[in-house]
Amino acid sequence: MKAEPHRERWTDPGLSWSQLRAFQACARLSSFNAAATELSLTASAVRHQVGLLEARLGVKLFERQGGRLSLTSIGVSFERQISRPMRDLVSACATASRMAAAAPIILTAPPLFARQFLFDDRFLKWCDGNQVKLDITDAKRDLFGTDQIVAVRLGTEADPDLVSTPVFDVQLVLAAAPTIAARARPTDRSWWLEQTLLSPGVSDIAWPQVWRALKVHAPETTHPLHFSSYAAALEAACAGHGVLLAPLPFSEREFSSGRLSRLSNICLPSRIGYSLLMRRELANTSRGRALRRRIIAAIKPAERF
């Protein structure tokens, strides 16, 4: 059998970067106070980190001489051995950060939103020139994976590691295919008992607003048909499968083409709008800020509400 290549086994020494950084600054500057100024810490915090390091190693690394610090013989040897690995680690982190900054950003957005705002030639050319790839889907991508993901989503939950920027509010109108609209009696409670409600999850909370706006008692029995997205529900409505709370302006094309008709004049403000989500560290970069500005700029000329 062929012998396996030797692999060095690593044992965690139990040290922290804060301890090593404090030690190296003190070794170079010969002063707790000077090291504290350079590291933007208090002198007591630097002393504490050096003390933790000495306790962990079980050696004395510094001696005081005339109010200044000097390295012990062990301290000199230790500082010499860690200097290059620390420089290499800092360089490796900087290289990884540069590579991440240059990697493509994947902008994921729902089809209705993308159709309305993102398929503009100027926006698409900007994306091509700035390493931004569009992913038009209703599926939710993992914002904390290895890829740089920025997401436009309808309805968001608070997360301390994400920056959420509201970018667009929608309004909802009651709509159905013309065949259904021709026989609609939206103020008749009994008519609603016979209807199928085409309901993306985010619009479930809006149906009680409909009953109140129409001054109709909520039906005791409804027939909801749930969808993962407004795009899918919109197509079902156009095919005559039920009644939809259609989002404006995203469904205006269906109204103008006659695929959808309004059932009433009510127009409800949606309590759930579209937001732009990205990891906090990406949001604080020039690329993250530039993408946010471009999306907002793409929306502004098209706003109708």
Side-chain angles (χ1 to χ4, degrees), residues 1-106 130-131 142-150 158-164 277-292:
M1 292 180 61
K2 188 177 179 180
E4 290 187 7
H6 173 71
R7 294 180 180 176
E8 187 173 358
R9 296 176 65 91
W10 294 91
T11 301
D12 184 1
L15 307 179
S16 74
W17 179 257
S18 296
Q19 295 167 12
L20 296 174
R21 188 177 66 153
F23 163 76
Q24 195 175 57
C26 290
R28 182 163 36 81
L29 299 172
S30 302
S31 166
F32 285 128
N33 290 329
T37 299
E38 179 178 280
L39 300 176
S40 299
L41 299 171
T42 64
S44 61
V46 173
R47 290 192 189 93
H48 178 67
Q49 293 298 329
V50 171
L52 290 175
L53 178 61
E54 291 180 323
R56 181 66 185 86
L57 298 176
V59 297
K60 188 174 183 180
L61 299 172
F62 290 104
E63 291 179 345
R64 287 181 176 275
Q65 292 183 348
R68 293 183 64 78
L69 296 176
S70 63
L71 288 166
T72 64
S73 59
I74 295 177
V76 170
S77 176
F78 183 70
E79 197 276 334
R80 185 182 301 120
Q81 292 183 68
I82 70 169
S83 291
R84 182 169 181 176
M86 288 184 68
R87 288 196 301 270
D88 289 345
L89 180 58
V90 170
S91 176
C93 290
T95 299
S97 295
R98 286 194 298 270
M99 292 175 65
I105 294 175
I106 299 173
N130 289 272
Q131 288 280 77
D142 180 12
L143 296 176
F144 296 102
T146 55
D147 293 329
Q148 295 194 100
I149 305 289
V150 176
D159 189 307
D161 296 318
L162 295 176
V163 172
S164 176
L277 294 174
M278 67 179 80
R279 292 196 297 263
R280 190 167 296 279
E281 59 268 26
L282 177 57
N284 292 330
T285 65
S286 59
R287 295 183 76 203
R289 290 191 292 268
L291 178 56
R292 184 165 52 232

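All of these numbers come straight from a predicted model, not from anything done at the bench.
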**Student:** State, with a plain yes or no, whether a side-chain heavy atom of R280 is found less than 4.5 Å away from one of V163.
**Tutor:**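 R280 vs V163: side chains touch.
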**Student:** With a 4.5 Å limit on heavy-atom distance, are the side chains of V50 and F32 in contact?
**Tutor:** yes
**Student:** Mind checking the CD1-CG spacing from I149 to L143? Nearest 0.5 Å is all I need.
**Tutor:**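 If we round to the nearest 0.5 Å, I149:CD1 and L143:CG are 7.0 Å apart.
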**Student:** Could you point out which residue of E79, Q81, R80, M86 forms a side chain to side chain contact (heavy atoms under 4.5 Å, CB included) with S83?
**Tutor:** E79
**Student:** Once rounded to the nearest 0.5 Å, what's the spacing between atom CZ of R287 and atom CE of M278?
**Tutor:**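 These two atoms lie 11.0 Å from each other.
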**Student:** Would you say that D159 contacts F144 through its side chain, given a criterion of any heavy-atom pair below 4.5 Å between the two side chains?
**Tutor:**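 In contact.
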**Student:** Return the CG to OG distance between L53 and S16, rounded to the nearest 0.5 Å.
**Tutor:** 8.0 Å
**Student:** State whether the side chain of R64 and the backbone N or O of L69 hold a donor-acceptor pair below 3.5 Å, judged by distance alone.
**Tutor:**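 No, because the side chain of R64 does not come within donor-acceptor range (under 3.5 Å) of the backbone of L69.
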**Student:** How far does NZ of K60 sit from OG1 of T72, to the nearest 0.5 angstrom?
**Tutor:**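 Separation between the atoms: 8.5 Å.
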**Student:** Drop me the distance from S286's OG to L291's CG, to the nearest 0.5 angstrom.
**Tutor:**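 Nearest 0.5 Å value for the OG-CG distance: 11.5 Å.
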**Student:** Are any of the side-chain heavy atoms of F62 and L71 separated by less than 4.5 Å?
**Tutor:**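 Yes - at least one pair of side-chain heavy atoms lies under 4.5 Å apart.
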**Student:** How close do A22 and L39 get, heavy atom to heavy atom, and via which atoms?
**Tutor:** CA-CD1, 3.9 Å
**Student:** Will you find, in the side chains of T285 and E281, an N or O donor that is under 3.5 Å from an N or O acceptor?
**Tutor:** no
**Student:** Check whether any side-chain heavy atom of L41 sits under 4.5 Å from a side-chain heavy atom of R21, and report yes or no.
**Tutor:** yes
**Student:** To the nearest 0.5 angstrom, please state how far the CD atom of E54 sits from the CG atom of L61.
**Tutor:** 4.5 Å
**Student:** Evaluate the side-chain proximity of I105 to L282: yes if any heavy-atom separation is below 4.5 Å, no if none is.
**Tutor:** yes
**Student:** Would you say V90 and W17 make side-chain contact, with heavy atoms under 4.5 Å?
**Tutor:**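 Yes; the side chains approach each other to less than 4.5 Å.
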**Student:** What are the two closest heavy atoms between A283 and R289, and how far apart are they?
**Tutor:**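 Residues A283 and R289, closest heavy atoms: O-CG, 3.5 Å.
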**Student:** Would a distance-only check, ignoring hydrogens and angles, find a side-chain to backbone donor-acceptor pair under 3.5 Å from S30 to R68?
**Tutor:** no
**Student:** Tell me, please, which residues at least two apart from R56 pass side-chain hydrogen bond (donor to acceptor under 3.5 Å, both in side chains).
**Tutor:** none
**Student:** Assess the residue pair F23 and I82 against the criterion (side chain to side chain contact (heavy atoms under 4.5 Å, CB included)); give the C-alpha distance rounded to whole Å, side-chain angles, the decisive distance to 0.1 Å, and a yes or no.
**Tutor:** CA-CA 10 Å; F23 163 76; I82 70 169; 3.8 Å; yes
**Student:** So, does R28 use its side chain to make a donor-acceptor pair with the main chain of A35 at under 3.5 Å?
**Tutor:** no
**Student:** Can you check whether R279 reaches Q148 side chain to side chain, under 4.5 Å on heavy atoms?
**Tutor:**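 Answer yes - side chains close enough.
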